[in-house]
Amino acid sequence: DGSATITATSGSVTATATATVSQVATSVTLAPTSLSFSSVSDTATLVPTVKDANDNAIPSPTVTWATSAEGVATVSSAGLVTSVADGSATITATSGSVNATATATVSQVATSITVSPTSLSFASIGDTTTIVATVKDANDNTIPNPTVTWSTSSSSIATVSSAGLVTAVANGSATIFATSGSVTATATATVSQVATSVTLAPTSLSFASLSDTATLVPTVKDANNNTIPGATVTWATSSSSIATVSSAGLVTSVADGTA
């Protein structure tokens with residue numbers, strides 16, 4: 001592009017004409033035509049090639065850039081595309097009356113996952129707690145509504161729902177796994193029932209002879225009214241001179257009276 005003076009000479013006389021070259025864009029192409037981003041804030045540059053009607057490249061052409069969805073991907077005046085959120089956007093480069101497009105697709109890929117809390121303690125069967133998973137991409141951006149698969153190492157101790165809700169089933173310990181893509185995080189669920197009530201059967205014993213025996217059966221329950229298997233029970237008597245009791249709840253009559 002530019003201007004030149006053309007001179008024609010014959011003998012001692014000359015004439016001039018001015019030649020002006022100003023290429024007009026008749027085509028524009030982009031490279032690449034498709035962009036894929038696996039993290040938010042990733043960038044890639046689109047390179048435009050603008051040509052005239054004779055297929056000659058136009059050096060340093062004026063190109064205007066636009067995006068169809070700034071919430072998904074933005075584009076700078078230099079063709080630098082930046083991912084913003086999952087989705088798809090069309091990037092348009094315009095030079096003169098011609099334009100070209102490229103597609104930018106953003107699909108965050110999980111590269112890390114954390115769970116909170118990482119340790120759960122249950123004092124009663126049937127108690128529940130929800131574990132919250134946070135999944136991030138390679139640029140440490142949180143992935144909204146990520147797909148997380150939950151599992152437990154022992155469903156007989158603690159179960160976990162598809163939403164991360166952990167439920168105590170029996171005394172013991174289980175590992176809860178949260179997996180998103182190729183990354184996994186774990187939490188430990190420990191169930192240890194705490195006694196909140198104890199009842200005895202029978203509640204009254206009558207002995208007609210000394211050295212007679214009867215066994216008291218204790219039922220120990222947690223806060224959710226679940227029986228605690230193998231509960232530790234300590235036995236005592238108010239008067240060992242009248243009736244004794246063993247560590248197994250065996251009551252023996254010793255003398256007339258009430259204990």
Side-chain angles (χ1 to χ4, degrees), residues 110 112-136 142-181 183-207 210-255 257-259:
S112 72
I113 181 173
T114 56
V115 293
S116 179
T118 56
S119 180
L120 307 174
S121 295
F122 298 102
S124 300
I125 301 302
D127 278 354
T128 61
T129 298
T130 297
I131 298 177
V132 178
T134 300
V135 183
K136 294 187 176 184
T142 299
I143 300 177
N145 302 314
T147 298
V148 178
T149 302
W150 298 89
S151 61
T152 176
S153 64
S154 179
S155 58
S156 62
I157 293 173
T159 61
V160 61
S161 74
S162 59
L165 180 70
V166 180
T167 302
V169 176
N171 288 332
S173 183
T175 300
I176 306 300
F177 300 90
T179 301
S180 186
V183 292
T184 300
T186 62
T188 301
T190 302
V191 184
S192 181
Q193 286 173 282
V194 174
T196 59
S197 72
V198 59
T199 57
L200 293 177
T203 57
S204 178
L205 300 174
S206 295
F207 297 103
L210 300 185
S211 299
D212 276 356
T213 61
T215 298
L216 292 172
V217 178
T219 299
V220 183
K221 294 187 176 183
D222 63 24
N224 289 335
N225 205 35
N226 297 291
T227 299
I228 301 178
T232 300
V233 178
T234 302
W235 298 88
T237 177
S238 64
S239 179
S240 59
S241 62
I242 294 174
T244 61
V245 62
S246 73
S247 61
L250 180 69
V251 180
T252 304
S253 60
V254 176
T258 298

Worksheet item: Taking atom CD1 of Ile176 and atom OG1 of Thr159, what is their separation to the nearest 0.5 Å?
Response: 7.5 Å
Practice prompt. List the atom of Val148, the atom of Ala178, and the distance in Å for their closest heavy-atom pair.
Written response: CG1-CB, 4.0 Å
Item to complete: Give a yes or no on whether the backbone of Ser153 and the side-chain of Thr175 come within a donor-acceptor separation of less than 3.5 Å.
Response: no
Practice prompt. Work out which heavy atom in Ala168 is nearest to a heavy atom in Ile125; give both atom names and the distance.
Written response: O-CG2, 3.7 Å
Worksheet entry | Audit row: Ile242, Val254, side chain to side chain contact (heavy atoms under 4.5 Å, CB included) steps and yes/no | CA-CA 5 Å; Ile242 294 174; Val254 176; 5.6 Å; no
Practice prompt. Run the numbers on Thr129 and Phe122 for side chain to side chain contact (heavy atoms under 4.5 Å, CB included), then give the verdict.
Written response: CA-CA 9 Å; Thr129 298; Phe122 298 102; 3.5 Å; yes
Worksheet, complete the sentence: Correct closest heavy-atom pair for Asn224 and Ser124 would be ND2-CB, 3.4 Å
Discussion item. Main chain of Phe207, side chain of Asp212: is a donor-acceptor contact present, judged purely on distance under 3.5 Å?
Written reply: no
Worksheet entry | Identified side chain to side chain contact (heavy atoms under 4.5 Å, CB included) counterpart of Leu120 within the set Val166, Thr188, Val191 | Val166
Response to the item:
Here the pair of heavy atoms bringing Lys136 nearest to Thr142 is CE-OG1, 3.7 Å
Fill in: side chain to side chain donor-acceptor pair (under 3.5 Å) partners of Ser154, counting only residues at least two apart
Ser156
Discussion item. Ignoring hydrogens, what is the shortest heavy-atom contact between Ser211 and Thr252? Give both atom names and the distance.
Written reply: CA-CG2, 4.0 Å
Item to complete: Give, for atom CG of Leu200 and atom OG1 of Thr215, the distance between the pair rounded to the nearest 0.5 Å.
Response: 12.0 Å
Fill in: Sidechain-backbone polar pair: Thr227 side chain, Lys221 backbone, donor-acceptor under 3.5 Å
no
Practice prompt. Could you tell me which non-hydrogen atom of Thr237 sits nearest to which non-hydrogen atom of Val245, and how far apart they are?
Written response: N-CG1, 4.0 Å
Worksheet item: Is a side-chain N or O of Thr167 found less than 3.5 angstrom from the main chain of Thr128, in a donor-acceptor match?
Response: no
Worksheet item: Is the backbone of Ile228 close enough, under 3.5 Å, to the side chain of Asp222 for a donor and an acceptor to pair up by distance?
Response: no
Practice prompt. Enter the distance from Trp150:CH2 to Ile131:CD1 here, rounded to the nearest 0.5 Å.
Written response: 5.0 Å
